[in-house]
Amino acid sequence: MVRKLAAGNWKMNGTAENLGEVDALKAALPRPEVDVLICPPTTLLSRVAERLDGSGIGTGGQDCHSVRAGAHTGDISAPMLADAGASHVILGHSERRNDHGETDADVRDKAKGAIAADLTPIICVGETLAEREAANTLAIIGGQLAGSIPDIVTGDRLVIAYEPVWAIGTGKVPDTDQIGEVHDFIRAKLEQRFGVGVGRAVPILYGGSVKAGNAAEIFAVSNVGGALVGGASLKAADFAPIVAALQGA
Ligand code: PEP
């Protein structure tokens, strides 16, 4: 049975004045029946983790360096995220790939660093609109999976997030057949490479304009094991109904 996961990615949003949303989420989800994560900016990570202690809601980072420590001004390592309370780290988000030129090989090295620090990497893959229109979606996703996932993963130490770049923050969402096609493809690739046991245990999240209004429909699609949520994770009133939809799926 694959654990379901709803992960909220706050991106570069949030200061101390937003911490009330964490308390509100805790109050709205007293006993979450699925895994729930908030991935705040690193400046808030330890404060969010402290507030969520004992709530059943976890925290994650949004990126990490591949090595444990050293002369890398401005970077954050995986052991630092773990020390601040994180259990997971988002890696290879399309905004990191675009803004910082991160390659599949970079993502793979970061994932190795994360696993070495006992963090679970949430590795993001997804096609651009031009790639989808050129009928290259599965080839792109296949290449990103092959290049970004290290060989050392186990089923309980990996999450994949399928995030079509054109659906992130745009309000556009692929139809359920399109989502199902990619999620089934990802599952098949994981089983091929890591064997059925490991391949079946990896949660595959959908991400891209998930809202309370479309969550239940998306969670009913085959091999969708949850969501990576950007904008709608910033307010507990928006995020809690998405978690509720996942609990009911
Ligand atoms: C994201 O950035 O991971 C994301 C899915 O954003 P949004 O939900 O805002 O589309």
Side-chain angles (χ1 to χ4, degrees), residues 4-14 18 21 25 34-42 44-45 48 58-64 81 86-100 102 107 110-111 114 119-129 131-132 137 140-141 144-145 148 158-176 178-179 182-183 186 203-219 221 223-246 249:
K4 294 177 183 173
L5 170 64
N9 174 14
W10 280 17
K11 310 192 185 192
M12 197 174 72
N13 296 292
N18 301 96
E21 290 300 329
L25 188 67
V34 294
D35 291 339
V36 182
L37 278 183
I38 292 291
C39 303
T42 313
L44 290 182
L45 188 52
V48 171
T59 54
Q62 298 178 12
D63 177 49
C64 69
L81 294 177
S87 56
H88 290 64
V89 58
I90 300 168
L91 293 175
H93 191 284
S94 62
E95 289 154 13
R96 299 281 325 165
R97 292 178 187 261
N98 286 335
D99 293 356
H100 300 275
E102 285 188 9
V107 177
K110 289 174 179 219
L119 295 180
T120 299
I122 301 174
I123 296 181
C124 302
V125 297
E127 82 287 2
T128 64
L129 189 57
E131 288 162 347
R132 176 162 283 278
T137 298
I140 293 293
I141 304 292
Q144 290 174 335
L145 291 171
S148 303
L158 176 67
V159 176
I160 299 295
Y162 167 52
E163 298 210 306
V165 179
W166 51 277
I168 295 176
T170 59
K172 292 184 193 145
V173 180
D175 66 37
T176 50
Q178 291 171 319
I179 295 174
V182 176
H183 279 245
I186 293 172
I204 307 173
L205 313 184
Y206 168 77
S209 298
V210 176
K211 307 270 181 281
N214 60 20
E217 189 186 14
I218 292 169
F219 295 148
V221 175
N223 281 313
V224 173
L228 181 54
V229 182
S233 71
L234 294 171
K235 297 265 176 234
D238 296 328
F239 193 43
I242 294 173
V243 177
L246 187 59

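As the structure lists them, so they are numbered: ligands from 1, and atoms in each ligand from 1. Keep in mind the model is a prediction, meaning the values are calculated, not measured.
For Asp238 (side chain) and Gly231 (main-chain N/O), no donor-acceptor pair under 3.5 Å exists by modelled atom type.
A 4.5 Å side-chain heavy-atom check between His88 and Asp35 finds every atom pair outside the cut-off.
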(request) Show the numbers, then the answer: is there a side-chain contact (heavy atoms from CB on, under 4.5 Å) between Glu102 and Asp63? (result) CA-CA 11 Å; Glu102 285 188 9; Asp63 177 49; 3.6 Å; yes

(message) With side chain to side chain donor-acceptor pair (under 3.5 Å) as the criterion, how do His93 and Glu163 come out once you've worked through the C-alpha distance, each side chain's angles and the decisive distance to 0.1 Å?
(response) CA-CA 8 Å; His93 191 284; Glu163 298 210 306; 3.3 Å; yes

(request) Begin from the C-alpha positions of Lys110 and Arg96 and carry the test side-chain contact (heavy atoms from CB on, under 4.5 Å) through to its verdict. (result) CA-CA 12 Å; Lys110 289 174 179 219; Arg96 299 281 325 165; 4.3 Å; yes

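For ligand 1, the 4.0 Å heavy-atom shell takes in Asn9, Lys11, His93, Glu163, Ala167, Ile168, Gly169, Gly207, Gly208, Ser209, Leu228, Val229, Gly230, Gly231, ordered by chain and residue number.
Rounded to the nearest 0.5 angstrom, Leu44 CG and Thr59 OG1 are separated by 11.5 Å.
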